[in-house]
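Notes for the one structure printed next.
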Amino acid sequence: MSEMKVVLITGASSGIGEAVALELSKAGHTVIVGARRTERLQDLVSRIEASGGIARAHRLDVTSRDDFARVVSATLEEFGRIDAIVNNAGVMPLSPLNALKVSEWDQMVDVNIKGVLSGIAAVLPVMEARGSGHIINVASIGAHRVSPTAAVYCATKYAVWAISDGLRQETDRLRVTVVSPGVVTSELAETISDESAREAMREYRRTAIDPNAIGRAIRYAIEQPPEVDVSEIIVRPTASPH
């Protein structure tokens, strides 16, 4: 058993975030779960505690730096440290560019890019002062391959990849991992308001893997020795064509 870690997870009310929390708590790590849907978080915490794990829930909107500051402060007060953060929260309202859904473009930039940056900003000073820590950013296979209707989404996920690699190069004490999932069973596709993009994504997502696969990948990265940085992981269905 590796050393127990205190891990903050954003977007933990469903999908990948929920799966990461369950996988890490099962392994004995303490999870701090954040999301806007607090009733789902409370249910998650109850399930983790019923299995003997340690979990805390906080309302966390990743577009709010104040929310991040509050959650980090409460975690440090109770546990004294944050060993890792999983910047997982994301949205995917796909549409062709000529649909001009500019408010959805803004939402993707605010959540997928600025939300990750705010998560980094909230924990980086704490981790640097302690001389250790692990920042895990969830990107997407879209960070490596662009498809129609996904130009803005893929751009935000490439930004997550670039930010992660830049941060990794700037530190020799902290570990940085970027995880790029392929098609995973989740609620992401339900945020697509454009009808043609929604239908195309339903077809594309017929071959999907369980979010537990991403939970296991993140656990693997977290549980490596301090001197080992798993810099990048791509996890996708075996039958994925791309």
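The first residue in the sequence is number 1, and the count goes up from there.
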Which pairs with one or both residues in residues 48-57 pass side chain to side chain donor-acceptor pair (under 3.5 Å), sequence neighbours excluded?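 Checked against side chain to side chain donor-acceptor pair (under 3.5 Å) - neighbours excluded - the pairs reaching residues 48-57 are Arg56-Glu78.
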Minimum heavy-atom separation for Tyr158 and Ala143, please, with both atom names.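 Result for this residue pair: CD1-O, 3.5 Å.
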Is the shortest side-chain heavy-atom distance between [X] and [Y] below 4.5 Å?
X      : Y      : answer
Val111 : Thr156 : no
Leu97  : Trp105 : yes
Ile113 : Ile163 : yes

Sequence neighbours excluded, which residues qualify as side-chain hydrogen bond (donor to acceptor under 3.5 Å, both in side chains) partners of Thr10?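 Partners of Thr10 under the side-chain hydrogen bond (donor to acceptor under 3.5 Å, both in side chains) test: none.
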Arg173 atom CZ: more than 12 heavy-atom contacts under 6.0 Å: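 Atom CZ in Arg173 is not crowded, with 12 or fewer foreign heavy atoms closer than 6.0 Å.
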Looking at Glu77, I want to see if its CD is surrounded by more than 12 non-hydrogen atoms of other residues, nucleotides or ligands under 6.0 Å.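 It does not: Glu77 CD has 12 such atoms or fewer within range.
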Any Lys/Arg nitrogen of Asp67 or Arg70 sitting under 4.0 Å from an Asp/Glu carboxylate oxygen of the other?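 A salt bridge is present here (some side-chain N lies under 4.0 Å from a carboxylate O).
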Sole candidate of [options] that passes side-chain contact (heavy atoms from CB on, under 4.5 Å) when paired with [X]:
X      : options                : result
Asn87  : Val138, Ile135, Asn112 : Ile135
Arg168 : Val176, Thr177, Val178 : Val176
Leu24  : Arg219, Lys5, Met4     : Arg219

Polar side chain donor-acceptor pair, Ser64 to Asp66, under 3.5 angstrom: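 On atom types as modelled, these side chains do not qualify, holding no pair under 3.5 Å.
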Under the side chain to side chain contact (heavy atoms under 4.5 Å, CB included) rule, what do Arg130 and Asp83 come out as? Steps first, then yes or no, please. CA-CA 10 Å; Arg130 191 162 176 254; Asp83 297 297; 2.9 Å; yes
Could you check whether any side-chain N or O of [X] sits under 3.5 Å from a backbone N or O of [Y], counting only pairs where one atom can act as donor and the other as acceptor?
X      : Y      : result
His58  : Gly34  : no
Asn88  : Gly11  : yes
Arg175 : Gln224 : yes

